[in-house]
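There's a structure below that I have some questions on.
Predicted, not measured: the structure shown is a model, and the values here were computed from it. Lettering follows sequence order; numbering is per chain, from 1.
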Amino acid sequence: MQTLIFRTAAPYLTGLMLMFSVFVLLRGHNEPGGGFTGGLIAASAFAIHGIAFGVPAVRRALYFHPMAISGFGLFAAAAAGLPSLLFGVPFLTGLWMSPAFFGMSIDLSTVIVFDIGVYLVVVGSFTSIALALEDREHD
Amino acid sequence: MAVQGEIVDKAAAMVAGPIASVDWLVIAPVVLPIIGGAVLLLIRHSIRWHAVLALVVLVVMVGANGLLLQRVLATGPVSMTMGSWLPPFGISFTADVLGAAFSLTASLVAFVCCAYSLRDIDATGRRYGFYPFLMLMMAGVSGAFLTGDMFNLYVWFEVFLISSFGLLILGSDKAQIDGATKYAILNLVGTTLFLIATGYLYGTFGTLNMADLATRAGQIGTAAPLMTLATLYLLAFGMKAAAFPLNFWLPASYHTPPVITGALFGGLLTKVGIYALLRTLVMIFAAERLVLAGLIGWVAVATMLIGALGALAQSDIRRIAGFLVISGVGIMLAGIALGSNGGLSGAIFYALHSMLALSALYLLGGLMRQRGGSFSLHSLSGLYGASPFLAALAFIISLAVAGLPPGSGLWPKVMLVRASLDSGAWQIAAAILVSGFLATVALGRVLILAFWREAPGDKASSDKTAAAGPMSAPGCSALVVLVAAMLAMGVLPEPFIRLSTAAASGLLDASAYIQAVFPAGSGS
């Protein structure tokens, strides 16, 4: 797919899809969406980039190996359950805190850490599969 | 166990009060390997840390499982529902004696196999991800033993299944891909059936919590298609456990990966199927099990005999072990068919024994390969002269697997034979005895051909011994640990019989299990 139109459009598409994936991830707390869907959108963004510019370009752009991203996500998701131990509540109980920055209070929770973990697991594993398949095509 | 008198906000369906941190023991055997596996994925390239980290995680897992079992024996089943939700809305993890004992034995076997793997898994295997896969498989196996939710059980099945695909094709040679294809397709069909049955279950009951299901299955009566559900689960888990006639995938795939993977699979994975059968058919669908008992009994008889006859026909040690795994599955199914306390405790004791003994048999095959240069009985010979130590281990393991004293296989078989004679199921008693005899012959062949037969002094054998070397020290010590545990079970069976009887009573009378999930007054 080395057409001029696709190669011109691909970077914009990739960027847009990545931004949208973060939007879906954050929105997922109260509305449809979340880590899994967001992760799939991000992985398809990397797949599009790979189709347009080749697998090595994606690997360079990602910097981390997709499997390492996946591993970090799994770690974050499991670790998000651990603070519950300190508070004497069951595993994976959502814990919230609302620190104030310049008069605005921001809600932070272990739930979002878990969701970001899921996002990274999905991004990592699906990108890894997509890149392996694209690699195979060019052999 | 949920703390009595806890503060419950029923409107929000959440538990608001604090819980004792000791309740975390029920989740520790699952969280530890997940975190361990994630860290191993992150440090994929620092392969010299892999084995050490995996060993540390497994030691902590064995410790946590030991404490959990101790607590369950002392105070009854322990339950924790994730995220502070109230059961049945949240996913409960509930450990009773059965789950905790299986989980402890599984982590012990995994630890021993991990020690064995120190020399067996080379840099390529580590780079490919043997240890992360091992960690995630153990997370799946422990999760399956400790979860108290049907759908969650399905998820843990998928977790260990996917990790086991990774372990199975480690090395990617042609025979492995061939074996893995059969394994993958059959297991995917099995888990799909499991998923369909679970969807149907949820449609029927509106709940997936096992304690809730156990309460309602008795009350719902003939209004619901419970017979269909029980049969679907029997089919799905029977496939997973490699029961006749769905057993052919096991010997076709378990001999292809490194021997250590065979040891893990043969020791642990079929027992997860048996565990799931115990949980669904005995605890939840007790009345339906009674109807199916005749069928399960004949399936058990066929599985025992087919497995033992298959072992007799093979000449590769790993294939012999694969068929003996199947024969053992038949013996455990016999306990489920009998359904009495004696039969079930025999099956549970046999499962604990079989996790140790079958893993030991695969590891023995690995050590014989290291010493004698081959897995095949055609070319192995003179191992007694080469290593009397290995011969002694092989003798004890053979006795244990065949069910002869002083090995660990004797007592569960005695319990099962007595239970089947008590309930007049002579065909089951006969099959247990005949399959034990056939297994003795099959393993006797291994001992005679590989150990006692004189090594031929011709040119061909000196070529062969060139492939042989000394046995690995971690491998030998791993096997010694397993053999010691098996001897302890065989010589001092009382504590294990008590443990199995307690586990069986907990299944037959689930009130303590239900009470742990739904403390009086907060029931659904």
| query | Between CD1 of B/I169 and OG of B/S164, what distance do you get to the nearest 0.5 Å? | reply |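 So the gap between those two atoms works out to 10.5 Å.
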| So which bits of residues 35-56 of chain B come within less than 4.5 Å of chain A, counting non-hydrogen atoms only? |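 Those residues of residues 35-56 of chain B which have a heavy atom under 4.5 Å from chain A are B/I35, B/A38, B/V39, B/L41, B/L42, B/R44.
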| task | Would you give the length of the straight line joining atom OH of B/Y131 to atom SG of B/C114, rounded to the nearest 0.5 angstrom? | result |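 If I round to the nearest 0.5 Å, the distance is 5.0 Å.
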| said: Looking at A/R27 and A/P32, would you say the former's side chain and the latter's main chain have a donor-acceptor pair under 3.5 Å? | reply: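 At least one qualifying donor-acceptor pair exists.
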| field | Which portion of B/L136 sits near chain A, non-hydrogen atoms under 4.5 angstrom | value |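 Only the side chain of B/L136 comes within 4.5 Å of chain A.
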| query | Any side-chain heavy atom of A/L133 within less than 4.5 Å of one from A/I129? | reply |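 When only atoms from C-beta onward are counted, A/I129 and A/L133 do touch, with a gap below 4.5 Å.
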| chain B contact residues among residues 68-84 of chain A, heavy-atom distance under 4.5 Å |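 Residues A/A68, A/G71, A/F72, A/L74, A/F75, A/A78, A/G81, A/L82, A/S84 are the ones that qualify, each having a heavy atom under 4.5 Å from chain B.
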| query | How far apart are the closest heavy atoms of B/T261 and B/L168, and which atoms are they? | reply |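 Smallest heavy-atom distance, with atoms named: CG2-N, 4.4 Å.
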| said: Run B/F133 and B/F165 through ring-ring contact (aromatic ring centres under 6.0 Å, His included) and show every step you take. | reply: CA-CA 9 Å; B/F133 279 132; B/F165 293 158; over 10 Å; no
| Distance (rounded to the nearest 0.5 Å) between B/L58 CG and B/L32 CG |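 Reported to 0.5 Å precision, the distance equals 9.5 Å.
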| request: Could you grab the distance from atom CG of B/L153 to atom CZ of B/R279, nearest 0.5 Å is fine? | output: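 So the CG of B/L153 and the CZ of B/R279 are separated by 9.5 Å.
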| request: Please look at B/I27 and chain A and tell me whether the side chain, the backbone, both or neither of the residue comes under 4.5 angstrom of a heavy atom of that chain. | output: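 Contact with chain A involves the side chain of B/I27 alone.
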| Donor-acceptor pair, A/T8 side chain versus A/L4 backbone, under 3.5 Å? |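 Present.
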| said: Donor-acceptor pair, distance only, cut-off 3.5 Å: does the side chain of A/S125 make one with the backbone of A/V121? | reply: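 Side chain of A/S125 to backbone of A/V121, a donor-acceptor pair under 3.5 Å: yes, one is there.
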